Amino acid sequence: MCSEFEPRIIVFACNWCSYAAVDLAGTSRMTYPPHIRIVRVMCSSRVTPEFVLKALAEGADAVLITGCHPGDCHYISGNYKTLRRYLLLKKTLDQMGLGDRVRLAWFSAAEGERFAQFIKEFVKDVRKLGPLSGGR
Amino acid sequence: MSVEEVKIGVYVCHCGKNIAGVIDPRKIAEFASKLPGVVVARDYPYMCSEPGQALIEKDIRELRVNRVVVAACSPRMHEPTFQGVLARAGLNPYLLEMVNLREHVTWVHGDDPEAAEVKAKELVSAGVERVARLEPLETERIEVVQNALVIGGGIAGIRAALNLANAGFKVYLVEREPSIGGKMAKLDKTFPTLDCSQCILTPLMVDVANHSNISLYTYSEVESVEGSPGNFLVKIRLKPTYVDWSKCVGCGICIEKCPSRVPDEFDEGLRQRKAIYIQFPQAVPRKAVIDPDACFYLTKGVCRVCERVCPAGAIDFEQEPRYIELKVGTIIVAVGFDLYNPVKLYEYGYGRYKNVITGLQLERLSSAGGPTGGKIVRPSDRKIPKTVAIVLCAGSRDKAHLEYCCRIGCMAGLKHAYYIKTSIPDAKVFICYTDMRSFGKGYEEFYSRIRSMEDVYFVRGRPMEIFELPDGTLQMDVYDQNSNRMLKIEADLIVLEVGVVPPKGFEELRKKLKIPTSPEGWGLELHPKLKPVEITTDGIYLAGFIQGPKDIPDAVAHGGAAAAAAITFMSKGYIESEPYIAEVNEELCSGCGICVPMCPYDAISIVEREGRRIAKVDITKCKGCGACAGACPSGAMQQRHFKDSQLMPEIVALARGI
Amino acid sequence: MGKIVEINPITRLEGHGRILIFLDEEGNVERAYFQIPELRGFEKFAVGRPAELMPQLTARICGVCSWAHHMASSKALDDLFKVEPPPTAKKIREMVYNAFMLEDHLFHFYILAGPDFIVGPKAPKEERNIIGAVKKLGAEVVKKIVSMRKQLREVEALIGGKPIHPVMGLPGGISKPITEEEREKIVKVARESVVFAKFTYDILKKAVVENERIFDLVKSEEFTHRTYYMGLVDEKNRLNFYEGKVRVIDPRGREFAKFDAHEYREHLAEHVEPWTYAKFIYLKKIGWRGFVDGEDSGILCVGPLARLNVADGMETPLAQEAYEEMYGMLGGKPVHHTLAMHWARVIEMIYAAERFRELAEDPEITSPEVRNVPREVPTLGIGVVEAPRGTLIHHYETDEKGTLKKVNLIVATQNNIARICLSIDKAAKALVKGGVVDEGILNMVEMAFRAYDPCHACATHSAPGRIPLVVEVYDSEKKLIKVLRN
Amino acid sequence: MGKLKIAFYWNASCGGCEEAVLDIGEGILEVLEKAEIVFWPVALDFKLDDLKKFANGEIDVSFINGGIRLSEQEHVSKLLRKKSKLVVAFGSCAHLGGVPGLANLWKKKSIFDYYYREAPTVKNPRGVVPSTKTRVPEGEIDLPEFYEVLKPLGQVVKVDYYVPGCPPPPNVVAKALEVVVEGELPPRGSVLGASNRALCEECPLNETKPKELLLKEFKRVHEFVPDPEKCLLAQGLPCLGPVTRGGCGAQCIRANMPCTGCFGPLDNVEDFGARAISFLASILDYDTEEEILKALEKIVDPVGLFYLYSLPSSLVRDRIRRK
């Protein structure tokens, strides 16, 4: 049944790079699977791990955190904080068997195509993992 | 904070067929009308149109709608538009939430309308959840410094600087070379009019030097950039020239006596210059510079000839880099381009065969001020070439090198054929092209003019490989798609019209200025059609080649446009302060101090308040990234408009779905 | 089809202890079962944790003897990281540990067991509770008891951070030294505690030894089991709570084994029954022979009486006196009378108080050298202490980073459970005959059970000294014919 | 009006919470002037049947400690809920799940297999494990069911108030009892007896924090001797003071050991561990994945560190892939 399961993926996107990349994917009419839902923040550093766990707890099968490439943060260093939190969150979730449900990826405003490609791959991977709900 | 009951209006845009072509906006509005707190939900062909906006205004006035969801395009496109609508209707503009149905749904899921509709509905319901919890925000006006910084003294930068200066703004022009002028200064003539490049450029260079509103810093680079739009603080590094320019008159005696020789960059290495040199005859400023890597004294510790001969006593080996700080409201980036490294085109033998040269080198050969005084010879033996092959798209339009078109090679190639034919009338010229792109004003005419010249042959195809014969003559096979014949061409000189790339050092500069780039590394404009000079940061603009390949007319126009944008920004005189700043709930704050180092702008400090330590945010410094809120262990630190209480319900709605 | 008598105490051993008595057709006891319905799985969920967390994590096994687990764990860490604590660290550990043993024992003697002796086992049940005990002892004495316990708790908090679930324990020592001012407070408490312990011993003697009825009861066959005994002894084979070798004696008092904690696996094994969550510890070399006593059964006993039985004497003078007195009056070693555990407990109180004072007065106790930082790569660590209720062993195995891979815990009360079952079975068989359930059974079973002070985390749960019991008697048609309550 | 009727009960707890109540000593007497304890199997002779006799809501307040691990515990808790006007979750286990909640990383089967079959000292050739019904020669014995996971009280019955701590220190217990007895109750769902701000506020070492608290490395408690006069976090120890509710008086820190978070999160924090992860990672002063991961090697057991007391109340509790 996992083969035909339609995952639900929450994507956190920063206003300046990754959200712009998602827009560009649209402007360039790239098609990608409709399983993602974008939450827009000004900077990925606003995303606290609590948001990620909330998404997983409320029905998301996976979460993707996105931001500007290292060195390109619109706020100088926000994405480094995101990276630090992600790596510790991931390590924690690995212990709970949930590590592969959360990812971090950088997208510049120009990488609409890469974003579309990434989502195709990610959706494929999450399909393989199967639904997260019903852990109890 | 208002206690009045939340009344949400949802407005679904068709965006012509862009949205309505995939999903039915009526269905979305119908769905939205049943969501909690929604008092009205409408759809309209173009919400951003005047009547569309009027629709929203009317509901705010008559139905007392106090929260607005616009389900249309990206907020990065029209959020300001609709915030304006709310403001006009007397509602706080930040009680708006835009749902991105176009870029995030219909444009990308056209292949799956059912899924697109579900996604659209879910995004709308999340938007409603969020908007219900938004709070009115106030901003304040921050004054904009009435100075501009222009980085790069090429033709685009010069044009921008002059326009700004003439409009009455103080301009700082920073150029890393000893002289302004850029690539254009190296050209002999410009296509298609064949004006003498120097003759039209030099006057502008002189204007810059003499303009009372322009301070010129050549041989200088941007060290660091701080501050925010309207109030940038820029540190400039003045590299040591080892010559006191206030004394140097540019007489050139030092240059004659200098014993050290190195290849001359300005002449594209076609001749040698001295360690102490003036970049080129028309240089502005016309001052000498000592090349520290070539100078015997600075490298080996002996010589100092120049010092002895300088009548003005201008030589100063003690010079150190100097730094100056500039406060500017806007920054124009006009750093131009470099040629693609032709050595990478191995099969063309550049660097291995003396007689394979670049178009720019031909410009120098053809230029009266050049190494040969304008006489076109072949480098190996200085013989007059009788057969010359010009290869277009050298590195361009080639997935192995540069996928994009350089936009100047075709016309330059034609111009170069003209150089050859005028200086060597009996020469044969072969032009190997892929497509002849003569799109500009007067370009096509120039093309047919060259085409009609005698002994100019157009070969449609790229040479496979170039070989050198013992006498330095070159040989190449080209398959001509026009005649469907394999041609074997023997040439005395081969000119490569090499592709173009972002200039060396741009990568560091763009990081300092936070300029987004396209995959090829060119500066990325905010909108490819509508905002060609703007970038994601207000007050910083792109001018000329750095935004992407351009010929001179386009670069000049682009430079002017950048100046106009900067002028507009500064003339307004102020900008609104950041609305999405951080705020502390002092009741909850334990003064743990975790947030302090989170702030890249040093806006947070721990202060004493009624005997308690608590965090305090300096709202003039806060730029609204939310890093502090993301780190706060107690939830005392929140970011306005992106509070936990506003994001969590949105996340929950999206995670649960409908 | 036989009858079932279910004694369902609301008290518990880390859960509700429960006694089921099965009768045969004649209404005689076929067998009594003692059940412990509680499991939390510490040994499993400790895996993956960093070893240094264990003193705090295992303390949560029992909020009453958290000090015992904290201490056994700290010692296991010394062993795991191969680091010797500085002398002062060891002394502080042993000092606070003795203070804790005293506090724990006094609580049990006065609040739990007290009523049985002070008021008397055959006294009307309305009086045989803490209220009755208070009346008998007088408000003054009670104040003394309360204040003593309070002061001992304060010493525990001072040194351990918290009196319950302390945090001081680290491989190679403790988290902070003792200042001179602190020591003064401690010494004061320590001295007072010795006086208090002696005073308590007098109360015991008056109540038990000088009261023939109770003395006979102590020696009665219903409360006697000839089993093996186990406890820690120092190099002179004297009793020690904090360190030493584990010594086992057989029912005839001969040394059966003396081993280092590292060899515990060669000597101890655990038996599993499907009807309870508790595991039964027995002597591996003898083997599990079911719920029977005697030399051929591996069932053993730990705790105060066991410790005195395995020790050749006490290291402190007053305790040694009392020790000799008890064995003198009970006819030499070993003593098999379950109820003598109370006596032994009070003798241990004297020892704990004396040792506490001795260490508090030790000039070295305030040295700032209380930690050696481990340098070795951890592999395996085993730590042992004597908990109030008996021998407690912590066994850890880790990877080179000190992350736990395997954990095994031999918890004091587990050692006794088999014997507790025997006691209850015996009491039941003695008192339920021909379907007639003597009301006395409640009290007898209760006393037998309480003597072990089964993991205090439970015992406290019957503070008034009465395990509330319900006895339901069913006839062969499973019809309820009688309900008894105490 | 008559005295307030109070009940105490325990579930899967260690008994520490009972001791904590006894440790308020004289304080209990003041309470007893205004209230009578009608059910406290720990201290007084009351049986479930007696509890059943109460009318619904007749008991004013029930203080319940320990998590719910066995069917019996769920049963009694629900009964108490029915009989009580207010239910107070007492101590970390009832509040958040507590230390035994770490068992929720494993399946019931794994726990049984290790404890009854694989442990080094177990001799169990027939692989016997306890079961809810056992036939013995004499008849049948039943045993309460051991659930797949342990739950805090609030996930089994509606809880009105919480008293934090492992165990709740005397001052907190006293304060909590006082507000209940005096009837000065805050809004439902509040935490009683503790602070509404993080521990740092009352920590004696808070002032010693550097202006910019950034760390180049994390340390483990056994690896070095921290300076008792300096903020332990600033010295590299993962002290959870910043994310933990205050009120305990920083007992552990005064003993020169870092806070492990037994008081749990503050009011508007949904997941204690997530916040702890965020603040601790944020102050790690590295920007490359390699350097960060290197420094994180010292956090050998994130779940044990960040969820020592609260795994069963983590947001993702139902999502955990149990081993």
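Since we're looking at a predicted model, the values are computed, not measured. Chain letters run A, B, ... following the sequence lines, proteins first, then strands; residues in each count from 1.
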Region of D:C166 that comes under 4.5 Å of a non-hydrogen atom in chain C: both
Using non-hydrogen atoms and a 4.5 Å limit, figure out which bit of C:R60 sits close to chain D: side chain, backbone, both or neither. both
Any ion pair linking D:K123 and C:E270 (charged N to carboxylate O, less than 4.0 Å)? no
Describe, in one word, how the ring planes of C:Y277 and D:F112 are oriented to each other, choosing from parallel (under 30°), tilted (30 to 60°) and perpendicular (over 60°). perpendicular
Can you tell which part of D:L102 gets under 4.5 Å to a heavy atom of chain C, answering side chain, backbone, both or neither? both
To the nearest 0.5 Å, what is the distance between OG1 (D:T260) and CD (C:Q56)? 5.5 Å
Is the closest side-chain donor-acceptor distance between C:N408 and D:T121 under 3.5 Å? yes
Interface moiety of D:P228 toward chain C, non-hydrogen atoms closer than 4.5 Å: neither
Below 4.5 Å from any heavy atom of chain C, which atoms of D:Y147 appear? Answer side chain, backbone, both or neither. neither
Portion of D:E223 that has a non-hydrogen atom of chain C nearer than 4.5 angstrom: backbone
Identify which part of D:V129 has an atom lying under 4.5 Å from any heavy atom of chain C, answering side chain, backbone, both or neither. backbone
Please flag which part of C:I410 lies under 4.5 Å from any non-hydrogen atom of chain D: side chain, backbone, both or neither. side chain
Give, for atom CG of D:D301 and atom CD of C:E52, the distance between the pair rounded to the nearest 0.5 Å. 9.5 Å
Option in D:R117, D:R69, D:R220 with maximal non-hydrogen atom pairs under 4.5 Å from chain C: D:R220
Can you say whether C:S66 sits under 4.5 Å from chain D via the side chain, the backbone, both, or neither, judging by heavy atoms? neither
Using non-hydrogen atoms only, which part of D:R254 is less than 4.5 Å away from chain C: side chain, backbone, both, or neither? backbone
Quick one: what part of C:L57 sits under 4.5 Å from any heavy atom of chain D, side chain, backbone, both or neither? both
Less than 4.5 Å to any heavy atom of chain D: does that hold for the side chain of C:R49, its backbone, both, or neither? both
Look up atom SG in D:C14 and atom CZ in C:R40, then write down how far apart they are to the nearest 0.5 Å. 6.5 Å
Please determine whether a side-chain nitrogen of the Lys or Arg among D:E19 and C:R149 lies less than 4.0 Å from a carboxylate oxygen of the Asp or Glu. yes
Tell me, please, whether D:Y115 has C:K279 positioned over its six-membered ring: NZ or CZ under 6.0 Å from the ring centre and within 45 degrees of its axis? yes
Side chain, backbone, both or neither: which part of C:L170 has a non-hydrogen atom closer than 4.5 Å to chain D? side chain
Below 4.0 angstrom, N of the basic side chain to O of the carboxylate: do C:K406 and D:E118 qualify? no
